[in-house]
2 protein chains.
Amino acid sequence: MKRPIPFSYPNRLFLLWFLCCLSGLAFAQPPRGPLVVSPQINDDKTVTFRYLAPAASAVKLSAQFEKAPVPMTKGEQGIWSVTVGPVKPDIYPYSFQVDGVTVMDPANVAFFPNERFKASLVDVPGDKPLIHAMRDVAHGAVTYEYYPSVSGTTGSVVVYTPPGYDKNTSQKYPVYYLISGTTDTEETFFKVGKTNLILDNLIADGKAKPMIIVMPYGNIAARIAEQKGGSKPADPTVRDGDDAIKRANDFGNDLIGNIIPYVDKNYRTIADRNNRAIGGFSRGGGQTLRAAFGHMDKFAWVCSYSSYLSPQEMDKNFPQIGSNPDNTNKQLKLLWVSVGSDDFLYKGTVEFMDYLKAKKVNYKSLITDGGHTWMNVKKYVAETTPLLFQ
Amino acid sequence: MKRPIPFSYPNRLFLLWFLCCLSGLAFAQPPRGPLVVSPQINDDKTVTFRYLAPAASAVKLSAQFEKAPVPMTKGEQGIWSVTVGPVKPDIYPYSFQVDGVTVMDPANVAFFPNERFKASLVDVPGDKPLIHAMRDVAHGAVTYEYYPSVSGTTGSVVVYTPPGYDKNTSQKYPVYYLISGTTDTEETFFKVGKTNLILDNLIADGKAKPMIIVMPYGNIAARIAEQKGGSKPADPTVRDGDDAIKRANDFGNDLIGNIIPYVDKNYRTIADRNNRAIGGFSRGGGQTLRAAFGHMDKFAWVCSYSSYLSPQEMDKNFPQIGSNPDNTNKQLKLLWVSVGSDDFLYKGTVEFMDYLKAKKVNYKSLITDGGHTWMNVKKYVAETTPLLFQ
């Protein structure tokens, strides 16, 4: 039996508005007006997006599955909407352009952690569960840890532990260090890459070994500026002003000198190179290759997602990789390179693979469709983690 | 010796732009133009906010420390800015109003997790470290866990474990269940409330007992709609359409039936009522009081932050609390009620305290300045956690 509604509809709407406002009322921008459902995934894989803007002149949807922004239509109560698709099942970033201003979807909690842009996320499920789908399997946990980092700063790192980690207290695990891209944060592999759910699924299906995954923040310079910069970060280039190689080395030093020791001390790791992998996307891929080639005693498994080092940098900074391929091939149990055919780093990545080939350095590669996207990153994580520690 | 800069300044700027864009390039809204530093905390506790919008006509700062939006001024390269304050040290939500459209600060990673609005966070440090300051003390960890919840859904809960939890593997801990407000998420006590850092500091200073803190998501109906709603959540009231009491009971049932058993199974808890506390803010405070008064066998410590139950609801649903005060006072080791004098729930909270007083039910209270804000929530957490389990 349905419970009676103890108040009339207008009062009910008011109550909803009131409840909705509780947390934000004292803040200068409380949510007002009707509750908006967005995004709404429809059975036919179309998606309806809605945005409340009674006073706006034009609202568009900007989504990574669309080549150009899609105009939305103003409807009742000032709610703009558009239904697009069918959309190929995956997770996509999107935002609204409201009279030319880019905004996240206020009605959607799922967001893309990033230093330089703000985007929401829409997850269009497949008819069969996608690699990152929340399935009814045992789940690992994701932990935010602080560690003592360079220059007296406190670093933040996100750590995936596999299902059963807290129960099997005598078991030790291999570790995969996984570094996100430029302007991403230590949260991006978790919140956008769904690395934890991909691993939960692969482990449940017996395809990947249970492993710990450590996701650091790649932008050491920004954290130093934030925590130690004092009052004068006025030069807007302070955060990213050093060149990429120096920053990669700073990151590598923090990784080798601080993060790995912290993880080995605080988690039940198998603390040797054969049980330690490193991988990364975009800038994180460059940091991966530099850390791996510069510290061959630390990592036996190396994955570069949508990134590369130039032949010039290889010859200058890591000549031993190509000059002694037998040793390189003996030491590296996996060197993986993947990129999308539409990625703007495609050409450089192919050059890198050609360099490895010419030097007789073994590597595995995967060229996919698509560009420099987190849709591809998820795919690469799902392809490579089953190869690690086997 | 300084490393030479191997490219001229314009090229360097281009490189910065290029690096900055790597992660977003294929997405429809890559960051473009100059890097923007915002917010910038100055020595004198003024704060400079900046927003890049070359085409905008008017940009304002909307911040919880300002009574009204503050106009910003357009400067070089289309960067709008304003310096405000000195600002009383604390964490505040803020956003920009760009030609009337509310947006988060794209240059700031710190955000306010919420179902209905999007805001950034600025943390103005004190001359002495504030209660939530990142100090050089031992830090606990914050873990995102999945648990089997109602109606076949998978719930998400955020768990703070105190420093040393992973090392002292024979030690068991009391647990504080802490529920956030309407439209907040399970992340809000972590990301906005900084509950983990407050506890790290209190524990380091010997003021609070080491405890586990469990932060659930209060909006069960929304999660069911999201995971099980199928294709037709078209009625925008679906997410919040049930009345508050039914939703609180649904939440209480999930807490008692699923979350507590999950936590007791997977963490080293002392699983009895004397070592179990419950507290919450706003809607979470109402959920707290209903769960506590409805399950006196479960919780001996109860904290209501900026919330209350009406005398009518108390008499109707929890008559035994007031009719047998000796028993209530014997069972509840702490009943805490706090509210800000400017809180729009102040009057109802005072009525609730008057009710308790009239019924001779013991309680402790704290009336602070300020309103229904997370600045006050932090204060209440810092005041109450030292009282728990003592």
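Please read all numbers here as calculations on a predicted model, not as lab measurements. In the text below, chain A, chain B and the rest are named by the order of the sequence lines, each starting its count at 1.
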Quiz item: Just by distance, with hydrogens left out, do A/Asn196 and B/Tyr146 show a side-chain donor and acceptor under 3.5 Å apart?
Solution: yes

Quiz item: Which heavy-atom pair separates A/Val109 from B/Asn114 by the least distance, and what is that distance?
Solution: CG2-O, 3.8 Å

Quiz item: Taking atom OG1 of B/Thr143 and atom CG of A/Asp166, what is their separation to the nearest 0.5 Å?
Solution: 8.0 Å

Quiz item: NE2/B/His139 to OG1/A/Thr154 distance, rounded to the nearest 0.5 angstrom?
Solution: 5.0 Å

Quiz item: Side chain, backbone, both or neither: which part of B/Tyr51 has an atom under 4.5 Å from a heavy atom of chain A?
Solution: side chain

Quiz item: So which part of A/Leu61 gets closer than 4.5 Å to some heavy atom of chain B, the side chain, the backbone, both or neither?
Solution: neither

Exercise. Can you sort out the partners of B/Asp123 under side-chain hydrogen bond (donor to acceptor under 3.5 Å, both in side chains), two or more places apart, ordered by chain and number?
Key: B/His132

Practice problem: Look at B/Phe190, B/Tyr147, B/Tyr144 and state which one has the largest set of heavy-atom pairs under 4.5 Å with chain A. | Solution: B/Tyr144

Quiz item: Which heavy-atom pair separates B/Lys118 from A/Pro106 by the least distance, and what is that distance?
Solution: NZ-O, 3.4 Å

Quiz prompt | Contacting moiety of A/Phe111, where chain B heavy atoms sit under 4.5 Å | solution = side chain

Quiz item: Where the side chain of A/Arg116 meets the backbone of B/Asn108, is there a donor-acceptor pair that is under 3.5 Å apart?
Solution: no

Quiz item: So which of A/Val101, A/Val98, A/Thr102 actually passes side chain to side chain contact (heavy atoms under 4.5 Å, CB included) with B/Val103?
Solution: A/Val101

Self-check item: Residue selection (most heavy-atom pairs with chain B, distance under 4.5 Å) from A/Thr161, A/Asp105, A/Asp44, A/Thr188
Solution: A/Asp105

Practice problem: Quick one: list whatever passes salt bridge (Lys or Arg N to Asp or Glu O under 4.0 Å) with B/Glu187, sequence neighbours left out. | Solution: A/Lys191

